[in-house]
J.: 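Encoded as C-alpha cells, here's the structure I'll be asking about.
Numbers restart at 1 for each chain; the letters A, B, ... are given by sequence-line order, proteins then strands.
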Amino acid sequence: DVVLTQTPVSLSVTLGDQASISCRSSQSLEYSDGYTYLEWYLQKPGQSPQLLIYEVSNRFSGVPDRFIGSGSGTDFTLKISRVEPEDLGVYYCFQATHDPYTFGAGTKLELK
Amino acid sequence: AVQLVESGGGLVQPKESLKISCAASGFTFSNAAMYWVRQAPGKGLEWVARIRTKPNNYATYYADSVKGRFTISRDDSKSMVYLQMDNLKTEDTAMYYCTALAYWGQGTLVTVSS
C-alpha cells in the first residue's frame, strides 16, 4: 500500500505568516492517464473534512488563492500564504492513484 | 445544494453486524464514485471503501483492514450508498463519513464494545 508521510506533525504560526506542509509518497502518484491524484483536505475542529486541492495544484470551488499546491511524482507541498483564523485545523494529503487509497497522518496547524 | 446524510450508526457488540446508509442529493449521484472514510476517536482519517459507477461495473475496493468483512453498495435509483459491516471489531469504532471526495456528510458514529 502507498504510504504518505506528512511533515511536520504540527505547525505553530502567527496570523499572517506563511505555512508549508510536505507530503511524501512511498511511490509515484502519477497514474497511467498522466494525471496525479494527490489531494489536500482541511478538517476544522468539530467538522467534516473539506476538499482544498485536487490533482496536486487545482483549487476546489471557493478555496482562496492563498492555498497553493505543488509537486510531482512522490513529493508534494501545500503552502498557505498569510494564514487566517479560519485556516486552523488538521490538514491531510490523500492519494487516489493506487488502490487502496490512503491518507497521510495529518498536520495540525495552530496558533503560536 | 449538495447534501450527504449518513444514518444507521450505533452501539454494537464485537462480532455483530451493522449496516449504515448515506442519502445523497444535489448532484448527479449515478455519475459519482462514492466512498466511505472513517475516523477513530482522536485519530486521523482512514479510507475504507469505494464503489465506482455503472459504466465501471460498480467495481468495489476496500482497505486491507476491512476487506472480507465490509461490503459497499449503492442504489442509483434512490441516490443511496451503503456500508454493510460484518464481524465488527473494537478497532472499527469510529465516525464513518460518506463522501464523493468533493462533498462530505456529517458522519455517523459506530461504536463496537462489549
Side-chain angles (χ1 to χ4, degrees), chain A residues 1-10 21 23 25-26 29 31-33 35-56 58-63 67 69 78 89-109, chain B residues 1-7 9 20 22-24 26-27 32-53 56-72 83 94-109:
Chain A
D1 298 0
V2 173
V3 176
L4 298 179
T5 302
Q6 279 186 243
T7 55
V9 172
S10 65
I21 302 169
C23 178
S25 174
S26 59
L29 298 183
Y31 192 56
S32 53
D33 62 4
Y35 287 90
T36 299
Y37 296 102
L38 186 283
E39 302 176 353
W40 290 95
Y41 292 85
L42 166 60
Q43 186 174 32
K44 299 180 183 180
Q47 295 187 19
S48 303
Q50 58 188 86
L51 176 64
L52 297 175
I53 302 284
Y54 63 96
E55 292 170 16
V56 180
N58 297 291
R59 277 185 293 274
F60 185 57
S61 174
V63 174
F67 289 90
L78 177 68
V90 181
Y91 288 80
Y92 295 93
C93 56
F94 170 74
Q95 68 84 19
T97 296
H98 303 286
D99 278 295
Y101 294 175
T102 47
F103 284 93
T107 295
K108 187 173 184 179
L109 184 66
Chain B
V2 171
Q3 270 201 310
L4 294 168
V5 180
E6 302 92 338
S7 61
I20 56 177
C22 171
F27 64 103
M34 294 299 297
Y35 306 75
W36 287 98
V37 172
R38 70 184 180 183
Q39 187 168 38
K43 302 296 185 183
L45 301 173
E46 180 186 14
W47 176 84
V48 172
R50 74 173 170 125
I51 185 165
R52 299 184 71 179
T53 58
N56 294 294
N57 299 314
Y58 298 122
T60 58
Y61 306 83
Y62 299 93
D64 293 343
S65 58
V66 307
K67 199 175 295 182
R69 300 188 299 122
F70 288 14
T71 303
I72 187 172
L83 187 67
M95 183 70 78
Y96 283 74
Y97 294 103
C98 167
T99 174
L101 297 187
Y103 307 104
W104 293 65
Q106 289 304 301
T108 187
L109 182 61

J.: Please report the closest heavy-atom contact between A/Ser48 and B/Gly105, naming both atoms and the distance.
T.: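 Taking A/Ser48 first and B/Gly105 second, the nearest heavy atoms are OG-O, 2.6 Å.
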
J.: Please check if atom OH in A/Tyr31 has more than 12 non-hydrogen atoms from other residues, nucleotides or ligands closer than 6.0 Å.
T.: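 Counting neighbours around OH of A/Tyr31, 12 or fewer heavy atoms of other residues, nucleotides or ligands fall under 6.0 Å, so no.
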
J.: If I measure from the heavy atoms of chain B, does A/Phe60 come under 4.5 Å with its side chain, its backbone, both, or neither?
T.: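 Contact with chain B: side chain only.
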
J.: Answer yes or no: does atom CD of B/Gln3 have more than 12 heavy-atom neighbours from other residues, nucleotides or ligands under 6.0 Å?
T.: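 Not buried by this count: 12 neighbours or fewer within 6.0 Å.
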
J.: Check each atom of B/Gln39 against the heavy atoms of chain A and say whether the ones under 4.5 Å are side chain, backbone, both or neither.
T.: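 Only the side chain of B/Gln39 comes within 4.5 Å of chain A.
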
J.: Once rounded to the nearest 0.5 Å, what's the spacing between atom CD of A/Gln43 and atom CH2 of B/Trp104?
T.: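 These two atoms lie 8.0 Å from each other.
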
J.: Side chain from CB out, backbone as N, CA, C, O: work out which of these in B/Lys43 comes under 4.5 Å of a heavy atom of chain A, or both, or neither.
T.: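 The backbone, not the side chain.
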
J.: Determine whether A/Tyr54 and B/Leu101 make a side-chain contact, defined as any pair of heavy atoms from C-beta on separated by less than 4.5 Å.
T.: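 They are not in side-chain contact.
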
J.: Could you point out which residue of B/Tyr62, B/Trp36, B/Trp47 forms a ring pair (Phe, Tyr, Trp, His ring centres under 6.0 Å) with A/Tyr101?
T.: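 Of the listed options, the one satisfying the test is B/Trp47.
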
J.: I'd like to verify something: which residue of A/Gly106, A/Ala105, A/Pro100, A/Pro49 has the highest number of heavy-atom pairs under 4.5 Å with chain B?
T.: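 Most pairs with chain B among the choices: A/Pro49.
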
J.: Please classify the contact between A/Tyr41 and chain B as side chain, backbone, both or neither, with a heavy-atom cut-off of under 4.5 Å.
T.: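 It is the side chain, since no backbone atom gets that close.
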
J.: For a 4.5 angstrom cut-off between non-hydrogen side-chain atoms, does B/Val37 reach A/Phe103?
T.: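 Yes - at least one pair of side-chain heavy atoms lies under 4.5 Å apart.
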
